[in-house]
There are 2 protein chains.
Amino acid sequence: MGRWASDAPGRLRAAALELFGERGYDETTVADVAARAGLSERTFFRHFADKREVLFDGARALEDEIVAAIADAGPGPSLRVALEGMTAGARILEGEVGHERARRRARVVASSEELREREQMKMAELSDALAAALRSRGCAPGEAGLAAGVAVVTFEVAFAAWTGGDVGAGLVEELSRAAGALATLAAGARAHEGS
Amino acid sequence: MGRWASDAPGRLRAAALELFGERGYDETTVADVAARAGLSERTFFRHFADKREVLFDGARALEDEIVAAIADAGPGPSLRVALEGMTAGARILEGEVGHERARRRARVVASSEELREREQMKMAELSDALAAALRSRGCAPGEAGLAAGVAVVTFEVAFAAWTGGDVGAGLVEELSRAAGALATLAAGARAHEGS
DNA sequence: GTCTATAGGGCGATAGAC
DNA sequence: GTCTATCGCCCTATAGAC
């Protein structure tokens with residue numbers, strides 16, 4: 001495919017990450033981004049539904065991988081299966097995106113309320129997809145929604161630790177750490193059950 | 001305070017809920033909402049930062065109540081305390097908003113991606129506020145974030161059940177049900193720990 | 001690609017409350 | 001008089017329609 005210079009979406013994504021980082025999200029117009037990528041404003045909107053979406057392009061592909069991992073997972077309690085799915089996603093982020101790019105992107109997202117909003121939305125969509133995948137394995141609807149939500153929250157905590165800390169364990173390691181903390185948390189709440 | 005007819009924000013909120021329900025969110029302009037409230041478009045934006053915000057006005061007050069409930073709560077494991085805070089919030093929603101209005105509002109929010117996005121953002125902000133309240137009680141930062149996130153997810157499941165079901169148990173009852181399911185879920189995952 | 005409507009901000013004027 | 005809510009007209013950027 002392609003035409004003159006190929007990979008328009010890729011160039012737009014790179015240009016957006018640069019400009020949003022340099023000038024700030026609000027101070028950068030779509031026209032600015034398109035210009036740096038050597039494209040027209042109109043072309044930007046042919047590839048991305050809106051200005052925010054240029055930073056969340058890969059989310060859907062990642063979601064599909066996570067859902068596939070859940071479908072392929074062996075038997076087990078729903079929360080464990082959901083966390084295995086998130087671990088598969090974490091491996092992909094760690095390998096194909098990498099710590100530095102994730103860090104830079106996270107910094108930009110954190111700087112804008114609009115972008116944080118979109119990120120929350122993507123997480124909610126991921127949670128819905130996870131829940132659907134769990135239900136396909138025979139999990140009860142109510143339990144599936146809860147397990148999916150808890151797994152996504154656990155992932156968010158791990159992701160924040162990964163992109164926030166400088167030295168940084170890997171994302172997979174952070175996720176396993178967060179999952180351990182989750183187990184402790186639940187055990188603590190249970191211990192007080194009768195009191 | 002006020003001017004001729006008082007409570008401009010209240011009239012704008014009511015007008016917005018009506019019009020969004022009748023015509024749909026996208027098909028309703030801010031000018032339409034302002035006109036129905038007998039105000040100008042410019043006045044709308046003085047009271048609400050943007051078009052979405054008119055439906056999420058009370059969120060901050062509710063958040064403060066929940067945070068206060070956590071600060072006042074007796075000793076206990078962090079997740080339990082966080083869920084007590086959400087229960088306090090649930091009581092307020094059940095009493096001061098009521099099932100019918102919550103239902104209508106939820107239907108409107110569900111109908112628009114923009115509005116769902118904003119709702120997710122509010123939930124994320126609530127989670128951050130909860131985490132801060134837990135840390136103020138001496139809870140470790142990592143644990144606080146996780147407990148807050150899990151409590152909010154549990155609340156979301158209960159809220160969806162409350163506004164989705166027709167017959168409907170109360171929101172507080174739904175929340176207690178969801179918390180029970182959460183405990184079962186965690187216990188299930190733990191049982192498999194060693195295998 | 002061009003054209004247009006809407007979101008949303010800035011500023012100054014005004015009209016009431018105190 | 002001050003203070004504040006409202007309004008009207010300016011503008012640009014987003015985003016959809018043609």
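Order of the sequence lines fixes the chain letters, A, B, ..., with proteins taken first and strands second; residue numbering starts at 1 for each chain.
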Same hydrophobic cluster for [X] and [Y], using side-chain heavy-atom links shorter than 4.5 Å among ILVMFWY?
X        : Y        : answer
A/Met123 : B/Val153 : no
A/Leu55  : A/Leu93  : no
A/Phe45  : A/Leu19  : yes

Given atom [atom1] of [X] and atom [atom2] of [N], what is their separation to the nearest angstrom?
X        : N      : atom1 : atom2 : value
B/Leu39  : C/dG16 : CG    : P     : 15 Å
B/Asp26  : D/dG16 : CG    : P     : 9 Å
B/Lys51  : D/dT14 : NZ    : P     : 18 Å
B/Arg118 : C/dG8  : CZ    : P     : 8 Å
B/Arg46  : C/dA7  : CZ    : P     : 17 Å

Looking at D/dA15, C/dA7, D/dT6, which one has an atom nearest to any side-chain atom of B/Glu41?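 It is C/dA7.
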So among A/Thr184, A/Val157, A/Val150, which one has a side chain to side chain contact (heavy atoms under 4.5 Å, CB included) with B/Leu146?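 One option only clears the test, and that one is A/Val157.
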Short side-chain N/O contact from [X] to OP1 or OP2 of [N], under 4.0 Å:
X       : N     : answer
B/His47 : D/dT6 : yes
B/Ser40 : D/dC7 : yes
B/Thr29 : C/dT6 : no

Touch check for A/Ala31, heavy atoms < 4.0 angstrom, all strands: base, sugar-phosphate only, or nothing?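 No contact.
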Base, sugar-phosphate, or nothing: which does B/Arg52 touch, judged by heavy atoms less than 4.0 Å apart?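 Sugar-phosphate contact only - B/Arg52 comes under 4.0 Å of backbone atoms but never of a base.
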Is there a donor on the side chain of B/Arg42 or the base of C/dG10 sitting less than 3.5 Å from an acceptor on the other?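 Side chain to base: pair present.
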